[in-house]
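Structure first, commentary second.
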Amino acid sequence: MSTEYRPETIEASAQEFWRDQQTFRAVEDPSREKFYCLSMFPYPSGQLHMGHVRNYTIGDVISRFQRMQGKNVLQPMGWDAFGLPAENAAIKNKVAPAEWTYQNIDYMRSQLQRLGLGYDWDREIATCKPDYYRWEQWLFVRLLKKGLVYNKTAAVNWCPHDNTVLANEQVIDGCCWRCDTKVERREIPQWFMKITDYADQLLADLDQLDGWPEQVKTMQANWIGRSEGLQINFPVVDSTEVLSVYTTRPDTLMGVSYVAVAAEHPLALAAAENNPELHAFIESCKQTGTSEAALETAEKRGIATGLFAEHPVTGKHVPIWIANFVLMGYGTGAVMSVPAHDQRDYEFATKYNLPIQQVIQPVDNSDVDLTKAAFVEKGTLVNSDQFDGLDFQQSFDAIADFLAQQDKAERKVNYRLRDWGVSRQRYWGTPIPVIYCDDCGAVPVPEPDLPVLLPENVVVDGSGSPIKSMPEFYECSCPTCGKPAKRETDTFDTFFESSWYYARFTSADNDQAMLDERANHWLPVDQYIGGIEHAVLHLLYARFFHKLMRDEGLVKGDEPFKNLLTQGMVLKDGAKMSKSKGNTVDPQALIDQYGADTARLFMMFAAPPELSLEWSDSAVDGASRFLKRLWRAVQEHVETGLASEALPAELSTAAADVRRLAHQTLQKVTDDLGRRHTFNTAIAAVMELLNALGKFSETDTAAKTVRQEVLELAVLMLSPITPHISHALWQQLGHEDAVVNAAWPKVDSEALVQDQIELMIQVNGKLRSKLSVSSSASQADIEALAVADENAQKFIEGNTVRKIIVVPGRLVNIVVG
């Protein structure tokens with residue numbers, strides 16, 4: 001055994017063993033409990049960052065632990081390979097996106113392997129390969145035929161930098177989620193998926209996800225945004241038109257002082273036909289995106305149309321305004337505005353000097369100061385004619401019934417969730433399998449003609465998709481009538497690919513079907529790991545896709561991910577690591593200097609997985625020193641000869657104490673790794689055990705047997721976290737089998753039994769001595785021994801013992817006076 005810990009040699013040897021033995025190849029075995037562990041797959045950007053290292057190490061620790069529990073573990077890896085960065089890199093480096101992507105995949109795969117991550121590489125997928133994306137084209141065609149996919153011209157979020165559409169979820173504070181460019185509004189034809197048809201299921205099935213963080217479930221519920229309200233009709237004065245508005249606060253109806261419509265609303269467009277000022281305002285609204293988030297950050301602006309609507313209860317005329325905070329894609333494209341009881345309406349009314357009429361007062365009848373802000377709480381109706389004095393629910397029902405009798409309103413359930421726009425005006429993505437024919441319209445590509453291949457040998461110059469100038473790609477014949485036609489040149493949103501990859505891993509080698517019976521063997525994913533930033537965009541779409549595939553008979557079950565762990569970020573000097581901040585740490589350099597096990601140990605020890613991790617060079621050094629200390633401890637034990645004797649029935653007090661601590665540690669680490677996923681506390685416990693073993697100085701045969709047991713337990717407990725050094729040390733401790741194939745050790749309950757316990761002796765609450773007694777000693781015996789203790793007597797002498805308080809297993813407090 002080498003006297004020096006050499007991670008480069010040790011890690012290469014362990015990885016060669018795993019590779020030769022195909023250790024992590026997963027084969028379906030109904031006789032064993034399965035465990036599917038999956039970390040969110042990376043975009044092949046060129047190299048791993050520390051966030052990757054943390055994410056994938058967490059998954060690997062969980063996978064290896066579950067493997068030691070005897071479970072049949074599947075842990076795959078693949079590449080989320082389509083997307084804008086490849087196009088931008090291709091422009092910068094003057095190389096085809098495909099070439100750039102495949103080179104990056106090769107390099108990043110080698111980095112992952114260098115970390116010793118236990119993946120089944122036989123199941124590797126890349127979403128940019130036809131054998132993957134053909135099946136999402138196949139599903140899209142089936143959904144189009146079922147009416148779950150449709151095309152319409154719609155106002156969309158447009159990123160002028162990336163020249164593509166963004167989903168509402170991809171607009172952050174009014175800017176593009178990727179490049180931070182201010183988003184604009186445009187109207188173009190788009191393909192949509194009817195995720196709103198599944199809104200109720202997506203909301204209700206959150207109750208099934210007991211293994212998800214409550215924060216994530218709340219974020220999804222809020223995004224789906226189910227609400228119950230009234231759809232109320234406001235007739236347009238001197239017109240046959242009717243404005244329909246949806247509100248969850250009909251109790252405020254009597255306080256309506258204006259109605260606001262979206263810039264794209266037909267009423268607004270009609271009013272602007274002969275009004276240049278209205279036309280100019282409508283055009284200016286296009287500089288704002290179509291998401292609620294974009295509107296929240298934008299300045300509230302509006303313009304009066306000159307038209308009026310009739311209040312459905314009072315018949316009074318209220319002005320109709322065009323407002324930039326109203327979206328055509330949300331609800332009816334019109335809202336009733338109650339400035340006294342909605343802060344947005346209040347700010348707008350204050351800006352444009354519109355009436356503010358209080359119709360709700362606090363339940364306690366206290367005064368409301370409407371000179372400062374709107375009163376937005378629910379309360380009791382005032383200034384509301386026949387509805388005065390009613391509370392929220394009473395007024396909701398009364399107003400609903402009153403208007404329904406006159407056919408002016410109906411109860412309605414509404415959702416904040418909008419249908420998913422999946423078209424992107426970029427090249428590097430999955431071609432949408434649709435053909436446009438002048439006679440037949442939009443025709444799905446026949447299933448036998450799939451996949452529609454994306455040309456890979458192209459030049460991307462930033463002026464738009466190169467396939468738009470490739471007639472050999474887009475010119476074709478109509479599958480229905482045979483006449484000349486053109487292919488769709490838009491590609492799918494890349495979230496389309498990442499919404500079902502977890503399922504394809506189960507059937508990755510099937511070239512005849514999207515999924516097969518193996519999907520139902522492995523799914524759902526037992527443990528999914530990824531950042532909280534994916535709580536809405538990715539996770540909601542994946543849940544939606546799973547339900548689509550379920551309804552196509554491809555999978556069983558309602559949900560794709562049973563348990564979800566959202567790991568925190570890796571920070572340096574309090575800020576997220578990023579190239580723009582110049583504060584990144586290269587994982588490859590870290591591995592080259594310290595070895596993969598040190599990187600893994602530091603990542604798991606520095607913080608609980610859900611919290612952000614602060615980078616520390618000294619902590620990395622500390623992790624390296626601990627592994628060296630573990631190596632020396634085993635080496636010193638091996639040099640004295642491995643234990644060959646069975647554990648004797650009787651042990652010295654010191655030996656029994658060390659052995660007890662070892663099994664207490666095993667008990668804790670088992671819970672920390674298996675249930676709590678608090679890897680940092682598990683590592684800390686093993687470190688404490690090694691410290692205790694270092695102070696254990698006995699050298700007889702029994703001591704050697706105990707020392708070997710403790711070292712073996714330490715190696716086994718650390719093996720999911722530091723698998724390479726554990727592989728070497730397990731062999732050095734005399735085992736012919738590999739530690740990766742070893743079962744998780746069992747706690748010896750007899751080792752936990754303590755013959756002697758140490759109690760603190762206090763006199764009047766101050767520590768004065770210590771007492772060692774039999775664990776079976778009676779309270780009377782403990783009291784007598786404590787009072788008789790030589791050190792305690794110094795503080796008792798001359799006083800009367802008034803009370804003795806025994807805290808079992810901890811202390812004796814002698815009260816004197």
Side-chain angles (χ1 to χ4, degrees), residues 36 38 40 135-136 138-150 152 167-170 191-229 231 246 248 291-292 329-331 411-422 492-493 495-504 506 514-515 519-520 522-528 530 532 534-564 566:
Y36 184 0
L38 183 64
M40 295 180 185
W135 296 113
E136 62 194 42
W138 173 85
L139 182 64
F140 180 87
V141 167
R142 293 177 71 89
L143 297 175
L144 179 58
K145 293 176 180 177
K146 289 177 66 174
L148 287 168
V149 168
Y150 63 93
K152 74 171 182 178
N168 286 334
E169 295 89 339
Q170 295 166 318
W191 287 99
F192 292 86
M193 296 183 71
K194 290 187 177 180
I195 191 172
T196 52
D197 280 13
Y198 285 78
D200 275 330
Q201 291 184 49
L202 289 167
L203 186 61
D205 289 349
L206 288 172
D207 292 338
Q208 297 184 26
L209 302 177
D210 295 333
W212 282 41
E214 286 301 320
Q215 178 188 7
V216 174
K217 292 196 289 184
T218 299
M219 291 169 73
Q220 294 222 348
N222 290 342
W223 189 262
I224 295 166
R226 185 183 188 277
S227 62
E228 297 182 6
Q231 187 151 309
Y246 174 80
T248 60
S291 71
E292 287 181 324
Y330 281 77
R411 293 177 184 261
K412 192 171 183 180
V413 173
N414 210 351
Y415 296 91
R416 180 175 178 267
L417 181 69
R418 301 293 95 190
D419 279 342
W420 178 14
V422 296
F492 284 137
D493 176 10
F495 283 102
F496 210 95
E497 281 83 51
S498 62
S499 293
W500 70 283
Y501 78 106
Y502 66 90
R504 183 61 180 175
T506 68
M514 185 175 188
L515 300 173
N520 289 323
W522 291 109
L523 293 175
V525 174
D526 295 282
Q527 183 65 63
Y528 198 37
I532 191 71
H534 299 293
V536 173
L537 280 83
H538 163 60
L539 290 171
L540 187 65
Y541 292 153
R543 296 180 60 225
F544 170 49
F545 244 74
H546 193 84
K547 297 176 192 303
L548 292 174
M549 294 190 294
R550 175 203 62 195
D551 292 348
E552 285 295 317
L554 298 170
V555 296
K556 296 177 181 177
D558 299 325
E559 291 290 330
F561 312 121
K562 184 177 180 181
N563 296 289
L564 175 67
T566 53

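All heavy atoms count here, side chains included; hydrogens, waters and symmetry mates do not.
Annotation: side chain of His546 is in contact with side chain of Tyr502 (closest heavy-atom distance under 4.5 Å). Contact check for Trp500 versus Leu139: no side-chain heavy atoms found under the 4.5 Å cut-off. Glu136 has its side chain within reach of Glu497: a pair of non-hydrogen atoms, C-beta onward, lies under 4.5 Å apart. For the pair Val422 and Phe495, the minimum side-chain heavy-atom distance is 4.5 Å or more. You'll find the side chain of Leu148 stays beyond 4.5 Å of the side chain of Met193, heavy atoms only. Phe544 places none of its side-chain heavy atoms less than 4.5 Å from the side chain of Met549. Taking the side chain as every heavy atom from C-beta outward, Leu209 and Asn563 never approach each other to under 4.5 Å. Between Leu206 and Gln220, some side-chain heavy-atom pair lies under the 4.5 Å cut-off.
In this structure, Trp212 contributes its side chain and Phe561 its backbone to a donor-acceptor pair below 3.5 Å. Remark: the backbone N or O of Met514 is paired with a side-chain donor or acceptor of Arg504 at under 3.5 angstrom.
Nearest heavy-atom pair across Tyr246 and Gly229 is OH-N, 3.1 Å. Val555 and Ala519 get closest at one heavy-atom pair: CG1-CB, 4.3 Å.
A cation-pi arrangement is present between Lys152 and Phe192 under the rule of less than 6.0 angstrom and at most 45 degrees off the ring axis.
Of the charged side-chain nitrogens involved, at least one lies within less than 4.0 Å of a carboxylate oxygen, so that Glu559 and Lys547 count as a salt-bridged pair. Between Glu228 and Arg411 there is no salt bridge, since no side-chain N of the basic residue sits under 4.0 Å from a carboxylate O of the acidic one. A salt bridge links Asp200 with Arg226: at least one charged nitrogen is closer than 4.0 Å to a carboxylate oxygen.
Counting non-hydrogen atoms of neighbouring residues, nucleotides and ligands closer than 6.0 angstrom, the NZ atom of Lys146 exceeds 12 such neighbours.
Side chains of Tyr36 and Thr506: a donor-acceptor N/O pair is absent below 3.5 angstrom, by distance only. Judged purely by distance below 3.5 Å, without hydrogens or angles, the side chains of Tyr198 and Asp551 pair a donor atom with an acceptor atom. Defined by atom type and a distance below 3.5 Å, a donor-acceptor pair is present between the side-chain atoms of Asp419 and Thr196. Side-chain contact check for Gln201 and Arg543: no donor-acceptor pair (N or O, by modelled atom type) lies under 3.5 Å. A donor-acceptor pair shorter than 3.5 Å cannot be found between the side chains of Asp493 and Tyr541.
Taking the six-membered ring for Trp and thresholds of 30 and 60 degrees, Phe492 and Phe496 have nearly parallel ring planes, at less than 30 degrees apart. Aromatic ring pairs are classed by plane angle as parallel below 30°, tilted from 30° to 60° and perpendicular above 60°; the pair Tyr501 and Tyr528 is tilted.
Here the straight-line distance linking atom NZ of Lys217 with atom CD of Gln208 works out to 10.5 Å at 0.5 Å rounding. Taking CG of Leu540 as the start and CG of Leu417 as the end, the distance is 6.0 Å to the nearest 0.5 Å. How far CG of Asp558 is from CZ of Arg550: 5.0 Å, rounded to the nearest 0.5 Å. Expressed to the nearest 0.5 Å, how far CG of Leu203 lies from CD1 of Ile224 amounts to 5.0 Å. Remark: Leu202 CG to Tyr415 OH distance equals 10.0 Å, nearest 0.5 Å. The OG1 atom of Thr566 lies 8.5 Å from the CE atom of Met40; values are rounded to the nearest 0.5 Å.
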Evaluation steps, side chain to side chain contact (heavy atoms under 4.5 Å, CB included), between Leu539 and Leu564: CA-CA 10 Å; Leu539 290 171; Leu564 175 67; 3.7 Å; yes
